[in-house]
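Take a look at the structure below.
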Amino acid sequence: MAIYQRVALIGLGLIASSMAHAMRQGRLAGEIVGHARSAETRAAALEIGICDRVYETAAEAVVGADLVVLAVPVGAMGEIAAEIAPHLAAGATVTDVGSVKQAVIAAVQPHIPEGVHFIPGHPLAGTEHSGPRSGFATLFRNRWWLLTPCEGCDPAAVARLRGLLEAMGANVDTMDAPHHDLVLAVTSHTPHLIAYTMVGVADDLRRVTDSEVIRYSAAGFRDFTRIAASDPTMWRDVFLTNKEATLEILGRFTEELFALQRAIRLGDGDHLHEYFTRTRAIRRGIIEAGQDTAAPDFGRSSETATGPGPKAKG
């Protein structure tokens, strides 16, 4: 039975297309419509069947929708919210999938009319791939989807949205927006920045090592490159809008890095061993929480070689 009668997806990339596939598979929506700025993307969405109809404007797409999903870069949220506001149906729910929550709330909430429920959200799932053809129905299975309801939000609207997300396979939790942004600065934003930096260093070295950095890349570096292959527009907006939390965590990272640098310089093997033992336990905790597998593949599995899998991303 459909949980929402008409879902409007504003933005038709990886997350939105995966939502569409999951809703189709579970028959969770009566109708799925969408909007993308690119005519090519709109055509692809119709071709692969993630949308029943697509529209050239976001305003047209949200008419009559009881759920509107903002799946555009964080920096574009406010502009889109202003465009769709006069066309939102009374009683509709508006949610988003942005990796930052305080900035999204500040940009979107002022435009939400009375009688419309705004429930910010963030799925902790993704791959390095983007675009409407990159989505798949199982992306959210056993992945966390965080909701940050604003003060006074209707509990029934939150419960209805939670029901949809859980039916798509997600584990749903709620938290306040500032705490979300700090947690994600630790678990996603700063690691992405470090990955971008490490790949940038390798790019510089490649010029003096005759491409050996690329040819002989080991599993650790390949993981960095997968992260650094993520959508540059999205991550530009993340760092600009979650600036304070990211800089705080980056400062702490720098302090830890200096301590390890000193231990290496002084030959302090005890410090290094104790540090690596302590941090190794974090990996075990992630596996025990069901958020990854302990099975190593070192880049050799067919899934890794041929297409996207449920690799967590902010």
Side-chain angles (χ1 to χ4, degrees), residues 99-100 122 124-128 143-144 146 175 178-232 234-300 304 309 311-314:
S99 184
V100 178
H122 176 207
L124 306 189
T127 74
E128 69 272 27
R143 300 301 183 194
W144 286 101
L146 302 178
M175 61 177 59
H179 185 65
H180 168 279
D181 289 355
L182 181 61
V183 169
L184 267 293
V186 175
T187 62
S188 177
H189 303 166
T190 303
H192 271 79
L193 191 64
I194 293 166
Y196 279 119
T197 304
M198 193 63 230
V199 175
V201 169
D203 185 52
D204 288 337
L205 286 174
R206 180 175 60 174
R207 300 167 191 169
V208 296
T209 59
D210 195 26
S211 298
E212 288 174 333
V213 167
I214 304 301
R215 186 181 302 121
Y216 304 127
S217 61
F221 180 69
R222 289 198 300 271
D223 286 342
F224 275 139
T225 62
R226 280 195 291 271
I227 295 172
S230 301
D231 187 320
M234 181 188 79
W235 283 102
R236 176 201 65 193
D237 288 356
V238 164
F239 292 122
L240 292 178
T241 54
N242 199 26
K243 183 185 304 183
E244 290 78 12
T246 301
L247 288 175
E248 178 183 344
I249 301 306
L250 193 60
R252 296 189 184 192
F253 169 79
T254 303
E255 292 173 4
E256 296 278 316
L257 190 61
F258 281 150
L260 290 174
Q261 184 180 22
R262 185 174 185 274
I264 293 170
R265 181 183 298 115
L266 297 178
D268 188 350
D270 289 341
H271 177 86
L272 294 173
H273 188 271
E274 185 278 330
Y275 191 92
F276 299 154
T277 300
R278 178 161 52 88
T279 55
R280 185 184 187 190
I282 299 295
R283 173 62 181 171
R284 291 175 178 169
I286 290 171
I287 294 170
E288 289 169 3
Q291 294 304 296
D292 208 341
T293 173
D297 62 45
F298 303 105
R300 298 189 183 98
T304 303
K311 186 180 188 296
K313 183 182 72 170

* **pair H189-S99: side-chain heavy atoms closer than 4.5 Å** => yes
* To do: State which residues pass side chain to side chain contact (heavy atoms under 4.5 Å, CB included) with H179; sequence neighbours excluded, sorted by chain then number.
  => M175, D176, V183
* Sorted by first residue and then second, give each side chain to side chain donor-acceptor pair (under 3.5 Å) pair with at least one member in residues 256-266; sequence neighbours left out. => E256-Y275
* Asked: Which distance, rounded to the nearest 0.5 Å, do you find between the CZ of R280 and the NE2 of H273?
  -> 8.5 Å
* Check: R143 and L124 side chains under 4.5 Å, non-hydrogen atoms -> no
* Close side-chain approach of D268 to L272, heavy-atom, < 4.5 Å -> no
* Structure fact -> Across all chains, not counting sequence neighbours, the salt bridge (charged side-chain N to carboxylate O under 4.0 Å, His left out) partners of E244 are none
* Atom pair CH2 (W235) and CG (L240), whose distance is rounded to the nearest 0.5 Å -> 12.5 Å
* To do: Using side chain to side chain contact (heavy atoms under 4.5 Å, CB included) as the criterion, list what pairs up with V186, not counting sequence neighbours.
  => I249
* Asked: Can you list every ring pair (Phe, Tyr, Trp, His ring centres under 6.0 Å) pair that touches residues 242-272, not counting sequence neighbours?
  -> none
* Looking at residues at least two apart in the chain, or sitting in another chain, which of them share a salt bridge (charged side-chain N to carboxylate O under 4.0 Å, His left out) with E274? -> R278
* Give the minimum heavy-atom separation between A228 and Y196, together with the two atoms involved. => O-CE2, 3.0 Å
* Asked: For the side chain of D181 and the backbone of N242, is there at least one donor-acceptor N/O pair under 3.5 Å apart?
  -> no
* State, to 0.1 Å, how close A185 and P191 come at their nearest heavy-atom pair, and which atoms those are. => O-CD, 3.9 Å
* Asked: Taking the six-membered ring where the residue is Trp, are the ring centres of W144 and H122 under 6.0 Å apart?
  -> no
* To do: Verify, without hydrogens or angle tests, whether T279 (side chain) and F276 (backbone) share a donor-acceptor contact under 3.5 angstrom.
  => yes
* Asked: Side chains of H192 and V238: does their closest heavy-atom pair fall under 4.5 Å?
  -> no
* Sub-4.5 Å side-chain heavy-atom contact between L184 and V100 -> no
* With rounding to the nearest 0.5 Å, note down the distance linking OG1 in T197 to CG in L193. => 4.5 Å
